[in-house]
Structures are given as C-alpha cells and as structure tokens.
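No experiment lies behind these values; they were computed from the predicted model shown. Note that ligands are numbered from 1 as they come in the structure, with each ligand's atoms numbered from 1 the same way.
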Amino acid sequence: MTVASAAARTPASAIETAALGKRFGEVTALDGVDLTVPHGTVLGLLGHNGAGKSTLAGILTTLARPTSGTARVAGFDVVADAHRVRRRIGVAGQFAALDDRMTPRATLVLLARLHGLGHRAARARADGLLELFGLTEVAGRTLRACSGGTRRRLDLAAGLTGRPEVVVLDEPTAGLDPVSRLTLWEVVRGLARDGAAVLLTTQDLAEADRLADVVAVLRRGRLVASGTPGELKARVGSRSVTVRPADAADTAHADRALRANGIVAALDPARGTLTVAAASSRQVTDVLRALDTAGIDPGDLTFSEPGLDEVYLALATGHGPDAALDAAPDTAPGTAPDAAPGGPVRGAA
Ligand SMILES: Nc1ncnc2c1ncn2[C@@H]1O[C@H](COP(=O)(O)OP(=O)(O)OP(=O)(O)O)[C@@H](O)[C@H]1O
C-alpha cells in the first residue's frame, strides 16, 4: 500500500502548529504549542494523563477547535479549511459508527467507495488493507462475531482507506495483543516510508522508542522537549554503572564505603548490586577507588545507557534528572512553567 502519491503536491510540513492553545473553561489543555512534522516522519507524542495529547489529536483531526493560535494539516487550516483537512487525514475511531452486521471486507470496501474509488479499486484497496492488518482470515465474518482485537485493527485499517497523507493515531496500540502491536508498528513505518506524516500519541515508551523518528513530550499542555529518542536520552538520562561485589556479603559495606566518599548508590539487596549514576569515566574511577580503599573486590561491573523511561520521568512529570524542569514550580494544570528546552518541535527531515 502506498500513500506517496499525495505527498508530491503538498507543502514541506504535513503538520504545522503555531502558538496553538485550547481552553476548556478554566482548564488550559494546550498552551502555545509550536509543532512541525514533515512528510515521511513518525512523531510520537508522550505525556502524562491530562497532558493534552488527545486535545491536540482532536484539533489536528478537526474534531475540536483551537481557542488560540493556528494549526495547518496538509497545508490547510484546521478551522477555515476543515473539510479539505478531513479529506487528507487518516484517523482511528471511525469504527464506532460502523455497522455490526457488516463484514470487515464490506466495511473497508464501503469506506473506500466513500473516498471516491470505483468498485474494483475499492475492492483492491480493501484487500490490501485486510492483508496489511492480518485480517484476511476474518474478512468474511460479521463484525459482531469478531474479537475486540480484530475490531480494533479494522478500526485502524478503516482510517487508512483514503490513502491519507497525514495520519493521526490516538494511542493506536492500546489493547492490542503483542502480534497485532508489531503489525501496526510495521504499518506505521510503511506509511512514513511512503511519505505520510504520522502523529501518534502513546503512553508506551517502548513504542515511542521503536517507532518514532521524533518524540515530543507534552507536560500540562506545553511542549517541553522534542528530539529523536537518542537525543532525548543523551540530554536527559545519564549512564550508570552497576557493581556486584565478588563477595555478596560486601554489598552493604560497599554502600557505606561509597557514601563515605559522597557517592550515592541505589542498593538492590536481592541481586547484591549497587547502581551509581556515572556520566563520565572519572565518576567510574571514583567508584572503583572508593571500593578499593575499603578493600572490596568490585566483582562484576555493568554499564547501562539511559532509557526513554528516564527521559519521560524527567520531562513529562518533572521528577527526574533534568534540573531545569525540576526547578519549575508545581503549578496548576495548564499553567506549566516556561521551561521548553526543545523549543519548537521539529521532525527529522
Ligand atoms: N471536553 C472537555 N471539557 C473539559 N475539559 C477537558 C475536555 N477535554 C479535555 N479536557 C481537559 O483538558 C486536559 C487535557 O486533556 P486530554 O484528554 O487532551 O489529555 P491526554 O494527554 O490525552 O490524557 P490521557 O492520556 O489521560 O488521555 C485535561 O485537564 C482534561 O481534563
């Protein structure tokens, strides 16, 4: 399946928001969001519950109107040109409106016809999507006889019947089994390879890490960081070293020896390990010297790179090693601090 045909005549940025804001009465759901997603990019939007992810997805898919700022999708303003935007986007969530008595194949053929395809082309599109989403086997069952996972995959397939150049998926893999999840990841990567821009919201850090070219973190309605998963990990997380003393009885002793040298370790008594943040080789040397002075054989040493979970803790919640964000006052939802280390979000071109 390809979505490249649409990309050639479209602007450089598939999604572009400027100072985008949304208020619900007293609640500020989005506040000054500047976001740019080029074609061929998967942007993973992370954020705590209530951070504003669904609100942003809703505005980009014309289901909600911004209260300030602008958003353009496929070159069209989401308010002034909502109908043109709708013709160019793919969204999950259409399933709710579908008929339980229909089959997956009939459903997709109908939607493809609604997108203007002739009979034969609509059947071909439906068959392609059924195969892509592993639905061929159940294509002839009525929807009411299909499992929840099947319906969910059909919902996602339904969003792609129009070969959208911009795809917005709000937590697309929530509730999917591991195989369906991998299938969906493949589909999303394929869409981006073919030139579509995909914005997906997720709570799943592994998903963001594996799938997204660019990760953007929303915190209380504001974008607080963006970059490739690797960039964010390098900026926020720190490497660590884990020591497992050769003699397990030395673990507590080692902890005291490190503390005596001003080094704080996370102790795991069950494993007999101590883990210390060690961004530089100098810090590793300090650990080894402290242990040596105390007469402790450091035994096994393991080095770990930072993970996206650390990034998330630091940026999305403010509880983590990012000092700028930690220093931010704990304000009410929607009045998040001005810390925006990532500046305007740029997708990887
Ligand atoms: N229709 C609404 N009326 C009033 N407040 C709303 C409405 N929709 C969202 N909000 C509020 O806007 C803020 C952002 O909500 P939103 O659903 O966009 O967050 P989210 O990041 O998608 O959260 P979750 O991960 O829990 O789905 C929250 O404070 C929420 O309570």
Side-chain angles (χ1 to χ4, degrees), residues 15 17-35 37 42-71 73 78-79 82 85 89-96 148 152 155-156 159 166-176 181 184 188 198-209 211-212 214-226 229 232 308-309 311-320 325 328-340 342 345:
I15 299 173
T17 73
L20 188 68
K22 175 74 179 174
R23 292 184 70 89
F24 294 101
E26 290 299 297
V27 176
T28 303
L30 290 176
D31 188 5
V33 172
D34 295 321
L35 177 79
V37 188
V42 179
L43 184 130
L45 191 61
L46 294 176
H48 56 84
N49 289 130
K53 304 181 296 294
S54 300
T55 302
L56 181 56
I59 290 173
L60 296 177
T61 53
T62 76
L63 296 174
R65 280 171 160 244
T67 44
S68 56
T70 57
V73 172
V78 293
V79 177
V85 170
I89 57 174
V91 201
Q94 300 172 4
F95 179 75
R152 184 108 180 87
D155 178 29
L156 294 162
V166 177
V167 180
V168 178
L169 302 172
D170 200 359
E171 303 203 20
T173 52
L176 287 187
R181 190 159 158 255
L184 182 80
V188 168
V198 183
L199 182 145
L200 63 93
T201 74
T202 183
Q203 300 271 10
D204 180 342
L205 299 177
E207 179 163 286
D209 207 358
L211 196 53
V214 178
V215 171
V217 183
L218 266 182
R219 180 175 165 202
R220 295 172 181 163
R222 301 199 66 156
L223 272 178
V224 292
S226 71
L232 292 187
L308 206 56
D309 46 352
V311 173
Y312 183 78
L313 280 174
L315 297 177
T317 69
H319 301 299
L325 286 161
D330 196 18
T331 47
T335 55
D338 281 335
V345 175

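- Less than 4.0 angstrom separates some heavy atom of Ser54 from each of these atoms of ligand 1: 17 (O), 18 (O), 20 (P), 22 (O), 27 (O).
- Within the listing of ligand 1, atoms 25 (O) sit less than 4.0 angstrom from a heavy atom of Gln203.
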- Message: For Val166 and Val37: C-alpha separation, side-chain torsions, deciding distance, then whether side-chain contact (heavy atoms from CB on, under 4.5 Å) applies.
- Response: CA-CA 10 Å; Val166 177; Val37 188; over 6 Å; no

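- With hydrogens and angles ignored, the 3.5 Å screen pairs a side-chain donor or acceptor of Arg152 with a backbone N or O of Pro172.
- The shortest N/O to N/O separation between Gly47 and ligand 1 does not fall below 3.5 Å.
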- Message: Let's go through Leu223 and Asp34 carefully: what are the C-alpha distance in whole Å and the side-chain angles of both, what is the deciding distance for side-chain contact (heavy atoms from CB on, under 4.5 Å) to 0.1 Å, and is it a yes or a no?
- Response: CA-CA 8 Å; Leu223 272 178; Asp34 295 321; 5.9 Å; no

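- Against a heavy-atom cut-off of under 4.0 Å, Thr55 is close to the following atoms of ligand 1: 14 (C), 15 (O), 16 (P), 18 (O).
- Distances from atom 24 (P) of ligand 1 to the heavy atoms of Asn49, Thr202, Thr201 show the closest one on Asn49.
- Considering only heavy atoms from C-beta on, Leu35 comes within 4.5 Å of Leu43 through its side chain.
- At distances below 3.5 Å, not a single donor-acceptor pair connects side-chain atoms of Asp31 with backbone N or O atoms of Gly21.
- Contact annotation: His48 has at least one heavy atom less than 4.0 Å from an atom of ligand 1.
- Each of the following atoms of ligand 1 lies closer than 4.0 Å to a heavy atom of Lys53: 18 (O), 19 (O), 20 (P), 21 (O), 22 (O), 23 (O), 24 (P), 25 (O).
- For Gly52, the closest heavy-atom approach to ligand 1 falls below 4.0 Å.
- Within the listing of ligand 1, atoms 19 (O), 20 (P), 21 (O) sit less than 4.0 angstrom from a heavy atom of Ala51.
- For Asp204, the side chain to side chain contact (heavy atoms under 4.5 Å, CB included) partners two or more places apart in sequence, or in a different chain, are Arg181, Thr202, Ala206, Glu207.
- Distance alone, capped at 3.5 Å, places no donor-acceptor pair between the Lys53 side chain and the Val217 backbone.
- Of the N or O atoms in Ala29, none lie within a sub-3.5 Å distance of an N or O in ligand 1.
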